[in-house]
Amino acid sequence: MFLTLRAEFEDALADALTEAGYPATDLGIEQPPVDRDAVLASNVAFRLASQVGEPPAAVAEEIAAAFPLADCSYVGRVETAGPYLNAHPSERYFAETLLAAGDPDYGRRPDRETSVVVEHTSANPTGPVHVGRARNPIIGDAVARVLAYAGYEVDRHYYVNDAGRQMAVFTWAYETFDEAELPEPERDKPDYELVRYYRRGTTFLEEGPEEAVEAAEAEIQSLMQGLEEGEQAAYDRVAAVADSVLEGMRQTLGRLPAEFDEFVRETRFMRDGSTDELAAQLEDTEYAVYQNDAWQLDFDEWGIDKNLVFLRSDGTSLYTTRDIAHHEWKFETYDRAVTVLGEDHKLQADQLRATLDLLGRDVDRLENVVYSYVTLPEGGMSTREGTGVDLDDLLDEAVSRAREEVETRLDDRTRGELTDADVERIARQVGIGAVRFDIVAKQPTKAITFEWERALDFEAQSAPYVQYAHARACGIIEQAESEPAPEAADPAALTSEATRELLSTLARFPAVVETAAETLRPHKVATYARECADAFNRFYRERRVLEADGEVYAARLALVLAARRTLANALDAVGVAAPESM
RNA sequence: GGGCGUGUGGCCUAGCGGACAGGGCGAGAGGUUCCUAACCUCUCGAUCGCGGGUUCGAAUCCCGCCACGCCCGCCA
């Protein structure tokens, strides 16, 4: 509803400006501060005043007088406040918001008939997912969800780097070392079991006797060569390791939840010949240079002073070469491609983009979401070195703390009994939701230092805060004597500031989804969910629903339903569960 | 050295050209005969890293500097 109102205000304001004899460019539309009950405002008067040489407030008055209010159905009133022009909503705006927000699909935008692939996580399958990497699946999944809400057809991909040296080392280590000489696995899961070989192998290569290391290196080299030449046996050996580890990682990521439509293997683009084809194509471009026996691309024209080697002197391809072939495939298959990647991959991403550009692809279809890693107070996390906090441990701890919370509240409950299974489910929704929300609510480019207490705060501004507001709304509806009936409710019965403010907040949800999707910033939805919970909690404290009568009761109950839907969908759009009771 | 990113009360964070910079944590004071107090209300606390500039107007844009992070491999 807000989107419609904004469009209406823009048109009417443009008309008013023309009518008053001003140019209708740059309408200066903004959101007024929270303490104003206007929904939209314009600051055009500032600019026009300096052009015309009149005081801004006088110009604002002039525009207000010319404002075609009669043509508007959602803008009910326009007022000046000094130099500002404030638009107040009509009763119809509130009525339609109440109706729209009661829909289970509230916030979902119409189908755009545009497919987009969101690639995220794509961590090398070397071991358990640790918290340092956890931002990627959480942001990635939220980006995918927000895009889906905004009307895109979304596929989620995990790109598996199964062709690199790391995986060759891992495979060699797995085939070489005996389980008997390894420590006990930290968990009974394939990723935890296998990472022991990987750690053992890398340690051996660093510290082992020179001759043995050389022999190992030869074996690793031959494995990589096998992959490059398309030997089935080589693929099978690597896949045996990669698939097992990946399965363990998939289980952990599924807890967030972060699920994938497809695990796209790097080796796929070697086996189908597309990497070789691409390399040949690149050699023929005017940006290709042959230096030091290796084929490279020169990106001066793109302002990148670092050449990209796309064929080694031995003629083999590199990770980035394969990734370019991978992206050519994405471009053929999807309308848009979004990649969520760590800040350390930025240069590579810029080179990838430049390469696609020089190949004549429309690189506007490719967008990146870049995030910084989560670090520990003492430094970064590493799978190879085994430093860091495993995501499984963080989630377990979050769930267990949430369970304690639920259990201490059990005695104070006034509504319904909870079974043990309910308690467990709620603990999981709340605990994992808290971790997830904490990450998704922050701008990805900001660095995060991991601290248990901060990651597991269940109070204000957290997921549980929003979830709690949702559960309250559910509680009211559950105990109401009649079903909420938005179509029969009259918002005129909603008179208090708190009710009006809540309704105004709910009205903005579709616009928030739109902006978040456009800018690929799911944290905007998280911020909004918090604002919704704030508005609902204030309403909850000030106005009783179940004790009201007649029109007021019906209107408030409809408002509660609207808030419930909005809160549930805002949480869903960032991938946080919305329990009906907690 | 070059490139990219970040710098907002003690701590975390929103805002990224417009109305006195919003929240939360923390500290303090209140609030439940009433729909779940994981809540609400009030108080305390900010040279928006520093210095210039553009503008009627700058946390927001430009330039310089400082601090921190990341990258600058025929690794991934």
Side-chain angles (χ1 to χ4, degrees), chain A residues 28 30-36 41-43 46-47 49-51 56 81-84 86 123-124 126 161 163-167 266 291-296 303-306 309-320 322-323 342-348 350 370 372-373 375 380 402 405-406 408-409 412-416 430 434 438 441-443 445-449 451 453-454 457-469 471-480 523-524 526-527 530-531 533-534 536-538 540-548 556 560 581-582:
Chain A
E30 61 179 75
Q31 248 184 63
V34 280
D35 55 327
R36 307 269 159 176
S42 165
N43 56 47
F46 278 112
R47 274 179 302 287
S50 51
Q51 283 170 32
Y84 292 95
N86 289 335
N124 291 357
T126 51
N161 307 146
R165 177 183 155 83
Q166 244 179 349
M167 288 316 297
E266 189 179 3
Q291 264 172 31
N292 305 323
D293 299 325
W295 278 100
Q296 320 189 3
I304 301 169
D305 56 8
K306 211 64 208 166
V309 174
F310 64 91
L311 280 183
R312 291 190 181 95
S313 47
D314 65 2
T316 59
S317 65
L318 289 91
Y319 168 82
T320 309
R322 289 166 232 137
D323 201 24
E343 57 182 343
D344 54 338
H345 284 62
K346 270 211 80 178
L347 174 64
Q348 187 261 322
D350 288 343
V370 177
S372 324
Y373 288 96
T375 55
E405 281 290 322
V406 177
T408 58
R409 285 158 209 277
D412 303 331
R413 293 182 61 86
T414 57
R415 172 165 73 101
V430 168
D438 185 58
K442 286 178 181 137
Q443 300 210 41
T445 44
K446 292 208 179 202
I448 296 181
T449 305
E451 284 160 55
E453 291 314 314
R454 202 177 292 157
D457 180 12
F458 294 163
E459 290 192 342
Q461 292 212 324
S462 66
Y465 173 76
V466 182
Q467 290 172 319
Y468 188 65
R472 278 177 153 175
C474 292
I476 293 173
I477 289 167
E478 189 186 295
Q479 289 163 76
H523 83 269
K524 282 177 181 290
T527 304
R530 224 145 47 187
E531 286 167 6
D534 281 340
F536 181 77
N537 281 331
R538 243 172 273 133
Y540 182 91
R541 281 291 160 204
E542 282 181 27
R543 299 290 146 172
R544 306 257 106 201
V545 176
L546 299 178
E547 288 160 21
R556 285 187 190 162
V560 172
S581 178
M582 57 189 275

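In this structure A:Tyr465 satisfies the ring pair (Phe, Tyr, Trp, His ring centres under 6.0 Å) test with no other residue, sequence neighbours excluded. For A:Gln443, the side-chain contact (heavy atoms from CB on, under 4.5 Å) criterion is met by A:Thr445, A:Lys446, A:His523, not counting sequence neighbours. Applying the ring pair (Phe, Tyr, Trp, His ring centres under 6.0 Å) test to A:Phe536 and every residue at least two apart in sequence or in another chain returns A:Phe539.
For the atom pair CG of A:Asn161 and CG of A:Asn124, the computed distance is 4.0 Å after rounding to the nearest 0.5 Å. Between atom CD of residue A:Glu405 and atom CD of residue A:Glu459 there is a gap of 8.0 Å, rounded to the nearest 0.5 Å. The distance from the CD1 atom of A:Ile448 to the CZ atom of A:Arg454 is 9.5 Å, given to the nearest 0.5 Å. Note that CZ of A:Phe458 and CD of A:Gln467 are 9.5 Å apart. Values are rounded to the nearest 0.5 Å. Note that CG of A:Asp293 and CG of A:Leu311 are 12.5 Å apart. Values are rounded to the nearest 0.5 Å.
For the pair A:Asn537 CG and B:U41 C1', the interatomic distance rounds to 13 Å; values are reported in whole Å. One atom, CD of A:Glu451, and another, P of B:U13, lie 10 Å apart when rounded to the nearest Å. The NZ atom of A:Lys446 sits 9 Å away from the P atom of B:C12 (whole-angstrom rounding). The distance from atom CD of A:Glu542 to atom C1' of B:C39 is 13 Å, rounded to the nearest whole Å. In this entry the distance linking NE2 of A:His523 with P of B:C12 reads 17 Å, nearest Å. We find that CD of A:Gln467 is positioned 14 Å from C1' of B:U36, with the value rounded to whole Å. One atom, CZ of A:Arg556, and another, P of B:C34, lie 18 Å apart when rounded to the nearest Å. Per the geometry, CD belonging to A:Gln31 stands 16 Å off C1' belonging to B:A21, to the nearest Å.
Using a 4.0 Å heavy-atom criterion, one finds that A:Val430 contacts the bases of the nucleic acid, with or without backbone contacts as well. Using a 4.0 Å heavy-atom criterion, one finds that A:Val309 contacts the sugar-phosphate atoms exclusively. Residue A:Asp438 is classed as having no contact, given no heavy-atom separation below 4.0 Å to the nucleic acid. Using a 4.0 Å heavy-atom cutoff across all strands shown, A:Val370 reaches no nucleic acid atom at all. Contacts of A:Ala471 with the nucleic acid, taken as non-hydrogen atoms under 4.0 Å apart, include base atoms. Within 4.0 Å of A:Gln479, counting heavy atoms only, lie sugar-phosphate atoms of the nucleic acid but no base atom. Looking at heavy-atom distances under 4.0 Å, A:Gln296 makes no contact with the nucleic acid at all. Within the nucleic acid shown, A:Met167 has no heavy atom closer than 4.0 Å to any nucleic acid atom. A:Ala49 comes within 4.0 angstrom of nothing in the nucleic acid, heavy atoms only. Heavy atoms of A:Pro56 sit nowhere under 4.0 angstrom from any nucleic acid atom.
The side chain of A:Phe46 approaches B:C56 more closely than any other nucleotide in the set B:C16, B:A76, B:C56. Closest to the side chain of A:Leu546, from the set B:A19, B:C35, B:G15, is B:C35. Nearest nucleotide to the A:Glu459 side chain, out of B:U36, B:G26, B:G15: B:G26. Closest approach to the A:Arg544 side chain among B:C34, B:U6, B:C25 is made by B:C34 (side chain taken as heavy atoms from C-beta onward). With B:C35, B:A76, B:C39 as the candidates, the nucleotide lying closest to the side chain of A:Asn124 is B:A76. Of all nucleotides listed (B:C40, B:A76, B:C12), B:A76 comes nearest to the side chain of A:Gln166. Side-chain atoms of A:Tyr468 lie closest to B:C39 of the nucleotides B:A19, B:C39, B:C40. Nearest to the side chain of A:Thr445, among B:G5, B:U13, B:C39, sits B:G5. For A:Arg36, counting side-chain heavy atoms from C-beta on, the closest listed nucleotide (B:A19, B:U36, B:C35) is B:A19.
For B:A37, one of the phosphate oxygens OP1 or OP2 lies less than 4.0 angstrom from a side-chain nitrogen or oxygen of A:Tyr540. Residue A:Tyr465 places at least one side-chain N or O under 4.0 Å from the OP1 or OP2 atom of B:C40. For the pair A:Arg538 and B:U41, the criterion of a side-chain N or O lying under 4.0 Å from OP1 or OP2 is met. Side-chain nitrogen and oxygen atoms of A:Arg322 include at least one within less than 4.0 Å of the OP1 or OP2 phosphate oxygen of B:A76.
Remark: the separation of the C1' atoms in B:C50 and B:U41 is 39 Å, to the nearest Å. Atom name P, nucleotides B:C16 and B:G22: the rounded distance is 14 Å, in whole Å. Going from the P atom of B:G69 to that of B:G26 covers 29 Å, rounded to whole Å. Comparing the P positions of B:A14 and B:C20 gives an interatomic distance of 23 Å, to the nearest angstrom. Separation of the C1' atoms belonging to B:U8 and B:C25 is 16 Å when rounded to the nearest angstrom.
Under the Watson-Crick and G-U wobble criteria, each requiring two contacts below 3.5 Å, nucleotide B:G10 is paired to B:C25. Nucleotide B:U55 has no partner under the Watson-Crick or G-U criteria, as no pair reaches both atom distances under 3.5 Å. Nucleotide B:U60 has no partner under the Watson-Crick or G-U criteria, as no pair reaches both atom distances under 3.5 Å. Under the Watson-Crick or G-U wobble criterion, with both distances below 3.5 Å, B:C39 is paired with B:G31. Checking B:G1 for Watson-Crick or G-U wobble geometry (two distances, each under 3.5 Å) identifies B:C72 as its partner.
Against RNA chain B, the stretch residues 310-317 of chain A makes heavy-atom approaches under 4.0 Å through A:Arg312, A:Ser313.
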**Q.** Candidate pair A:Thr316 and A:Asp314, rule side chain to side chain donor-acceptor pair (under 3.5 Å), full reasoning
**A.** CA-CA 6 Å; A:Thr316 59; A:Asp314 65 2; 2.7 Å; yes
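Mapping A:Val406 and A:Gln461 onto RNA chain B by nearest heavy atom places A:Gln461 closer to the 5' end of the strand.
Two residues are said to be in side-chain contact when any heavy atoms from C-beta on lie closer than 4.5 Å; A:Arg472 and A:Val560 fail this criterion. In this structure the side chain of A:Phe310 never reaches within 4.5 angstrom of the side chain of A:Leu318, judged on heavy atoms. Looking at heavy atoms from C-beta onward, A:Trp295 lies out of side-chain contact with A:Arg312 at the 4.5 angstrom threshold.
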Q.
For a quick check, with a 4.0 angstrom heavy-atom cut-off, what is the B/S/- contact string for nucleotides 27-33 of chain B, read 5' to 3'?
A. -------
Q: Give the B/S/- string for nucleotides 63-72 of chain B, one per nucleotide from 5' to 3', where a protein heavy atom under 4.0 Å of the base yields B, of only the sugar-phosphate yields S, and otherwise -.
A: ------BSSS
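Not a single donor-acceptor contact under 3.5 angstrom links the side-chain atoms of A:Asp457 to the base of B:C12. Counting atom types as modelled, A:Ser50 pairs no side-chain N or O with a base atom of B:U55 as donor and acceptor under 3.5 Å.
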